[in-house]
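Below is one structure, written out as structure tokens; comments come after it.
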2 protein chains.
Amino acid sequence: MKLNSAPRKSFRREGEDKRREDLIAATLECVAERGLAGATVREIALRADVTAGLIRYYFPTKDELIGAAYRAVMNRMTVQASDALKNAENDPRARLAAFVKANLGQPIMDPYNLSLWAGFITLVHADPAMAMAHRDGYLAFRDELEALIREALLAAEKPALPNHTRRHAIAVNAIIDGLWLEGCLAGDIFADGELADTGITAIEAVLGISLKAEGGAT
Amino acid sequence: MKLNSAPRKSFRREGEDKRREDLIAATLECVAERGLAGATVREIALRADVTAGLIRYYFPTKDELIGAAYRAVMNRMTVQASDALKNAENDPRARLAAFVKANLGQPIMDPYNLSLWAGFITLVHADPAMAMAHRDGYLAFRDELEALIREALLAAEKPALPNHTRRHAIAVNAIIDGLWLEGCLAGDIFADGELADTGITAIEAVLGISLKAEGGAT
DNA sequence: AGTGTATTTATACGCTTGCATAATTAGATC
DNA sequence: GATCTAATTATGCAAGCGTATAAATACACT
């Protein structure tokens with residue numbers, strides 16, 4: 001005789017897209033707060049205000065949910081960086097500067113994003129599918145950067161040979177990544193905008209051009 | 001009635017130091033191959049050719065073993081970088097170059113170093129004591145770098161004002177970190193020594209001095 | 001050789017995990 | 001408003017986890 005049995009959880013039916021987004025968002029919360037290990041199906045379900053079983057309804061396996069969450073983060077970051085380009089001026093040098101500033105400021109340079117990124121890195125090594133997704137993202141980012149660099153060099157009437165721009169892209173990417181890391185890890189010990197300024201100055205030195213002045217009008 | 005019971009595993013007694021080192025080494029192997037999640041007590045014990053129970057004899061808890069492994073890697077990395085300085089020439093510019101090369105080559109630039117580091121970012125995020133230790137390590141590294149930079153600038157007869165060297169240290173640190181990251185994540189898509197060369201070239205540009213030539217003899 | 005003990009193995013327990021599946025229900029359709 | 005179906009909950013399971021603890025054994029000492 002079952003007395004006082006807890007009432008079954010009430011629920012609403014949601015569209016497939018909404019649910020997937022919610023589940024991914026809940027996953028990211030977990031990863032950011034307690035690392036990948038903290039992202040259990042039960043905890044994720046709790047955050048999404050859903051029972052654990054539902055996860056499997058939308059994602060055949062947990063790995064697929066994790067993978068989707070990872071892609072979502074990477075996509076969000078690249079989209080945010082690209083958005084900065086859309087609102088930027090026409091001069092290629094200004095565009096490169098805007099791109100750098102966007103990556104070295106809020107909301108991209110944020111401990112939350114680093115936590116997410118670090119949490120997923122572990123997976124990138126273990127899971128080949130993850131590794132490929134990561135490499136694609138990295139190369140896409142670097143290619144975009146290389147294009148920006150080439151145009152900036154040309155605008156400054158400097159040579160832009162492919163093997164040079166490749167090297168430049170690797171170096172500039174490193175500067176951005178490295179400063180992003182420093183900012184995420186210890187943002188409070190830097191003045192506001194200091195890292196972005198430092199990055200732009202360093203990149204100007206590496207490329208041998210100015211990113212601020214209109215410069216070189218014939 | 002128990003027939004054919006498997007014989008008890010034979011073993012040798014080892015010194016405490018040896019066993020701890022072996023267990024740490026086994027832990028690092030696990031992390032290197034399958035990430036932190038793959039470093040289970042049973043797998044670690046298997047690699048160390050020991051049964052799982054022994055781990056607890058030397059490390060009260062698994063977290064302590066992981067922590068010891070983390071410290072071992074970090075310590076090894078800083079020692080390796082410092083060793084490179086000891087065997088380096090006397091010229092400050094050559095010393096800085098050697099420091100950079102050491103950090104951007106084997107064995108420091110290695111996927112499992114990144115794996116461990118990334119795995120611990122989560123922990124650093126959660127535990128304030130860990131966070132402080134981590135920050136101290138970062139600042140110590142950057143201070144060492146700043147000292148190297150100051151001496152290199154002076155050797156090149158360039159001004160080395162504190163607020164300049166600070167900025168330079170931040171930028172150079174970013175270049176090293178960023179390239180280290182790129183190399184750890186996708187070392188195979190770079191030619192041998194390419195990242196170290198790229199780093200030195202970029203740093204030369206940022207500092208405005210050459211790290212190769214003896215230069216500036218009055 | 002015998003004894004003692006620190007080291008190591010072996011076994012088991014409680015918990016959590018991801019996944020499977022049955023039971024329910026919200027909301028559209030007629 | 002009855003019906004039907006897809007979305008959701010609820011329950012259970014087998015495997016793996018870290019840890020605790022008892023039993024065995026290698027080795028130093030006498």
Side-chain angles (χ1 to χ4, degrees), chain A residues 2-24 26-27 30-31 33-70 119 122-123 126-127 129-130, chain B residues 2-24 26-27 30-31 33-70 119 122-123:
Chain A
K2 206 154 129 195
L3 293 181
N4 198 18
S5 66
R8 188 171 250 252
K9 181 180 189 290
S10 73
F11 61 91
R12 284 185 53 226
R13 298 188 163 194
E14 295 283 2
E16 173 165 347
D17 291 348
K18 173 71 159 50
R19 269 283 134 84
R20 294 179 95 93
E21 283 172 23
D22 284 355
L23 288 174
I24 287 176
T27 302
C30 292
V31 173
E33 288 185 19
R34 310 203 286 113
L36 250 188
T40 68
V41 288
R42 285 167 176 84
E43 180 67 24
I44 292 169
L46 200 65
R47 304 244 184 178
D49 193 31
V50 145
T51 56
L54 190 63
I55 290 179
R56 224 179 73 87
Y57 187 79
Y58 288 104
F59 298 93
T61 180
K62 185 198 170 186
D63 285 344
E64 301 214 27
L65 169 57
I66 298 288
Y70 175 71
T122 302
L123 271 195
D127 181 2
M130 264 317 205
Chain B
K2 205 156 130 196
L3 294 182
N4 198 18
S5 66
R8 188 171 251 254
K9 180 181 189 289
S10 72
F11 61 91
R12 284 185 53 226
R13 298 186 162 195
E14 295 283 1
E16 172 166 346
D17 291 347
K18 174 70 160 51
R19 269 281 134 83
R20 294 180 94 94
E21 283 171 22
D22 285 353
L23 288 174
I24 287 175
T27 302
C30 291
V31 172
E33 289 184 18
R34 312 204 285 113
L36 255 185
T40 69
V41 288
R42 286 167 176 84
E43 180 68 22
I44 292 169
L46 200 65
R47 304 247 184 177
D49 194 31
V50 144
T51 56
L54 190 63
I55 289 179
R56 226 179 74 85
Y57 186 78
Y58 288 104
F59 299 93
T61 180
K62 185 199 171 186
D63 285 343
E64 300 216 27
L65 168 56
I66 298 288
Y70 173 72
T122 299
L123 222 151

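As a basis for the values below, the full set of heavy atoms in this structure was taken, side chains included, without hydrogen atoms, waters or symmetry mates. Computed from a predicted model, the values in this text were never measured in an experiment.
The line from NZ of K18(A) to CZ of R13(A) is 15.5 Å long, rounded to the nearest 0.5 Å.
The separation between F59(B) atom CZ and dT8(C) atom P is 12 Å, rounded to whole Å. The separation between D22(A) atom CG and dT8(D) atom P is 10 Å, rounded to whole Å. In this entry the distance linking CG of D63(B) with C1' of dG18(D) reads 10 Å, nearest Å. At whole-Å resolution of the value, CZ in R19(B) and P in dT7(C) are 11 Å apart. Distance, E14(A) CD to dA6(D) C1': 14 Å, rounded to whole Å. When rounded to the nearest whole Å, the span between NZ of K18(B) and P of dC27(D) equals 13 Å. Spacing between atom CG of L54(B) and atom P of dT21(D) amounts to 17 Å, rounded to whole angstrom units.
Of all the residues in residues 41-52 of chain A, V41(A), R42(A) reach under 4.0 Å from DNA chain C with at least one non-hydrogen atom.
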Validation: residues 41-55 of chain B side-chain donor-acceptor distances under 3.5 Å, sequence neighbours left out:
{"unit_1": "E43(B)", "atom_1": "OE2", "unit_2": "R47(B)", "atom_2": "NE", "d": "3.1"}
{"unit_1": "E43(B)", "atom_1": "OE2", "unit_2": "R47(B)", "atom_2": "NH2", "d": "3.4"}
{"unit_1": "R47(B)", "atom_1": "NH1", "unit_2": "E29(B)", "atom_2": "OE1", "d": "3.2"}
{"unit_1": "R47(B)", "atom_1": "NH1", "unit_2": "E33(B)", "atom_2": "OE1", "d": "3.4"}
{"unit_1": "R47(B)", "atom_1": "NH1", "unit_2": "E33(B)", "atom_2": "OE2", "d": "3.1"}
{"unit_1": "R47(B)", "atom_1": "NH2", "unit_2": "E33(B)", "atom_2": "OE1", "d": "3.0"}

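For dT7(C), the OP1/OP2 oxygens have a side-chain nitrogen or oxygen of Y57(B) closer than 4.0 Å. Phosphate contact (OP1/OP2 of dA7(D), side-chain N/O of Y58(A), threshold under 4.0 Å): absent.
Applying the side-chain hydrogen bond (donor to acceptor under 3.5 Å, both in side chains) rule to pairs touching residues 55-66 of chain A yields nothing, sequence neighbours excluded.
For E14(A), the salt bridge (Lys or Arg N to Asp or Glu O under 4.0 Å) partners two or more places apart in sequence, or in a different chain, are R12(A).
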Q: Go through F59(A) and I24(A) one step at a time and tell me if the side chain to side chain contact (heavy atoms under 4.5 Å, CB included) criterion holds.
A: CA-CA 10 Å; F59(A) 298 93; I24(A) 287 176; 4.3 Å; yes
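In this structure, E16(A) reaches neither bases nor backbone, as no heavy-atom distance under 4.0 Å exists between it and the strands shown.
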Where do N or O atoms of nucleotides 20-22 of chain C meet protein N or O atoms at under 3.5 Å, pair by pair?
{"unit_1": "dA20(C)", "atom_1": "OP2", "unit_2": "R56(A)", "atom_2": "NH1", "d": "2.1"}

Table of protein N/O atoms under 3.5 Å from nucleotides 26-30 of chain C N/O atoms:
{"unit_1": "dA26(C)", "atom_1": "N3", "unit_2": "R13(A)", "atom_2": "NE", "d": "3.2"}
{"unit_1": "dA26(C)", "atom_1": "N3", "unit_2": "R13(A)", "atom_2": "NH1", "d": "3.4"}
{"unit_1": "dA26(C)", "atom_1": "N3", "unit_2": "R13(A)", "atom_2": "NH2", "d": "2.7"}

